[in-house]
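Every chain is numbered from 1, with letters handed out A, B, ... down the list of sequences. Please read these numbers as outputs of a predicted model, since none were measured by experiment.
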Amino acid sequence: MKAAIEVHNVTKQFRLSAGAGSLKTAVIDWARRRPSRQFTALNDVSFSVAEGETLGLIGANGAGKSTLLSIIAGTLYPTSGHVRTRGVVASLLELGAGFHPDLTGRENVLLYGAIMGIPRETMRQRFDAIVDFSGLEEFIDQPVRFYSSGMYVRLGFAVAVQVDPDVLLVDEVLAVGDNDFQKKCLDKMDEFHRSGKSMLIISHDMHTIRSVSDRIAYLDHGELKGIGAPNAMTARYGADSISGGVTGAKREWGTGGAKMTAVTLVDGEGKPCGTVPPDQRLRLRIDWEAASRIDRPTFGFSLTDETGNTVYGSNTEIDGYDLPFIKGQGQLALEVDVATLHAGNYMLSFSLHSRNHAVNYHRLENHLPISLVENMGFDGVCRLPSRWV
Amino acid sequence: MIAMFTELLTRRELIWILVQRNLKIRYKNSALGFFWSLLTPMLMILMYAIFASILKFNTGRPEYLQFLVTGIVAWQFTAGFLNDSLNAIVGNTNLVKKVFFPRVILPLSTVLANGVNFLLTFIVLLLYLILSGAADFSACYWIVPAFAMHLVLGIGVSCLCATANVFFRDTQHIVGVGSLAWFFLSPIFYDLEMQLGALKFASPQLGGIVYLNPMTGILATYRAALMGHPLTPEIISGGVLSPLWLLLSGAVCLAIMFIGLAALRTGDKYFGDVL
C-alpha cells in the first residue's frame, strides 16, 4: 500500500518573543545576544497515512495537532524532518478562511478553486453542486461579509469537498453547523472514504472520531504517544487526562436554604478513595446541612460524558427513597453500579431541590470527575446484554 | 528559478483571478467604479496644468507640462505597487496560513493589478500627449523595454517589501518616507541635464551613474518612446552621454527582481510562524 502522507521525524519549534514584528526588538535582541525562547510544538513525530485510510488525531489543546496539520498542508515548515504528500491536498483547517469579505460567494468559490489549482472550467462545472451542497442559492451573489458564520462555514465546506482532493485535512470543523449540516458533512466524508481517498481528522468529539477513523494517533505535548486502533487510543487519551478531558466547568449555585457540604467518593468500607473501586460501584457520601426544616426534599445526581451529554441521572424521588424532611446536619449514601458503562471520563453533578423543582436549594455542577478504565471491548456508551444465538 | 516560472505559468488562472480581485476590491462600493482609473489621471493632468501655470512652475524647457505629466504617470505605477505590495502577504494572512500555494503569486498579482490600472492611465496620457501636440512616436519601440523594465522592477520591489513587512511592520513607515526620497531622486519634475549640472562630475561622462536609479532609465525610455526625447541627455561638455548607460538601469531592475524573489523564497519558510 502506498502512503498518501508520510511524516518523517518532524520537529517544529516556535520562537517565543514578546514584540514580534518590529525592527527595534529585532535589533535589540541581536545586540544583546538575547537567546530567543523556543517552544517545541512537535517533537520528532513520524507516521504515515496509507492511501484510502482515515487517520484520527487526538490530544489535548496545545498537543500540536493543528501545527501538524498545517505542516502537512504546507503552510508551516518543520524545523527539522520532512513531510511527503501524494496528490492534491485540501485542508479544512478553517472553513472559508480564504474568503474575501468584499467578494461575492460566487467570486470566492472561483478564487478558492484557483488557489487549489483547479481549472476554471472544472470549477464552473462543479459550481452548481457546490451551491447545492451549501444550500445558499439565494445568497451566492451577495458579498460574503453579509453571510452569517454558519453560511460561511457551509460554503467553505462545500467548496473544499468539491475541489475533490486526494487528501483531505479536517481540523475540528464538525463542531460547527447545525445537525443537518453535520450529517451532510459526515455523509460526504463517508463518501470520500469509500472512494479511496485519505483523510486526516482532528476532533475532540471522541464518539465521532472513533466512528470515522481507521486508526487514531494520539499526540501529547508534541510527542506521538501512540497510533493504533481507535478504541484503544481514545481510552488511553481518556485515562491520561482524568480531569482535563471532561468538558464543563465546576459550578455551584442555589438558593441556599439547604446545602450539600461535601460529596465524597468512598470504598466498600466507607473510607474516602480517589478512584472507582474494582467492583465498579460508585459509592458516594453526601454530607448535607439545613438551617431550617425542609419538607420532602429531593437529592439528585447526574453523570455526564466527555462531551457533556447526560449518560444517566436520577434522584431520591425516582429511585423511591423516602425522605420526609431534613433539618440540621446529616449524611446520605448513594450507590451507583457503573459496571456496564464504557471506559472514559465522566463527571458527576449533584442537586438538592424541592419535590416539584420549584426551589433549587443547592446544585453542584460538574462537581466530581471520575474515570473508568474497564470495559473497552465494545462500542457505545454502555454495555447492553446482547447474545448471539 | 526556472521551475518557479513554469509553476507560475501553470498557476496563471490564480494570478489572473487575484489580479481581478485586487482591481474589484479597489473600486468596490464606489459609484463610478472602474471609471476612476480613467477619471483620476484626467483630473490629475488638469490639476498640474492649472497649478503649473499659476505658479509659473517650470524648469524652462519646452513642453514642460507634458514632460512632467509623463513622469508623474509613470511614477504613479511605481508608487502604486510600492504601497500595495506592503499588504500583499500581510493582508492575506488567512490565505497564507491556511492554504498552500506559491507565495510569489501574491506580490505578483498586486503588481499586475497596478499594471492594468497603469495601462488605463497610460491611454489617457497618450490622448493628452497627442491632443497637446507633444507626442512624437518616432522611437515608439522604446515602449517595450520601458514596460519590461518597469514590470521587472515592480516584481522585485514588491517581493522585497511584501516579505520585509511580514517580519518587520516598520517596513511600511520606511517605504512611506523612502518612496518620497525616491520620487525626488528621480527625474520626474526636473530633467537629467539639471541633475547632472547640479551633481558636477569630475568627468562628465561619469554622470551616467545616475542610471543606477532604475527609475532614471525607465523614465528616459518612456519619454523617448512617447515624446521622442533622446535616451541620454547632452552633458555640459557638449557631448551626449552614452546610451549604453541605460543598460545599468536595466541591470539594476533585474538584480532587484532576483534579490526580491530570493528574499521571498527564504522568508516563505517562516511566514506561517510569524503571521
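Between the side chains of B:Asn22 and B:Asp84, no donor-acceptor pair is found at a separation under 3.5 Å. A donor and an acceptor atom, one from each side chain of A:Ser66 and A:Asp171, are located under 3.5 Å apart. Side chains of A:Asp141 and A:Thr104: no donor on one and acceptor on the other come within 3.5 Å.
Considering only heavy-atom pairs separated by less than 4.5 Å from chain A, the leading option among B:Tyr270, B:Phe100, B:Phe101 is B:Phe100. Heavy-atom pairs under 4.5 Å with chain B peak, among A:Leu110, A:Ile115, A:Ile118, at A:Ile115. Interface summary for chain B: among A:Val89, A:Thr67, A:Leu103, the most heavy-atom pairs under 4.5 angstrom belong to A:Leu103. For the set B:Ile17, B:Val96, B:Thr171, B:Ile15, the count of heavy-atom pairs under 4.5 angstrom toward chain A peaks at B:Ile17.
At a 4.5 Å heavy-atom cutoff, B:Asn92 makes no contact with chain A through either its backbone or its side chain.
B:Thr121 places a side-chain N or O within 3.5 Å of a backbone atom of B:Asn117 that can act as its donor or acceptor partner. Without hydrogens or angle criteria, A:Thr40 side chain to A:Leu42 main chain gives no donor-acceptor distance under 3.5 Å.
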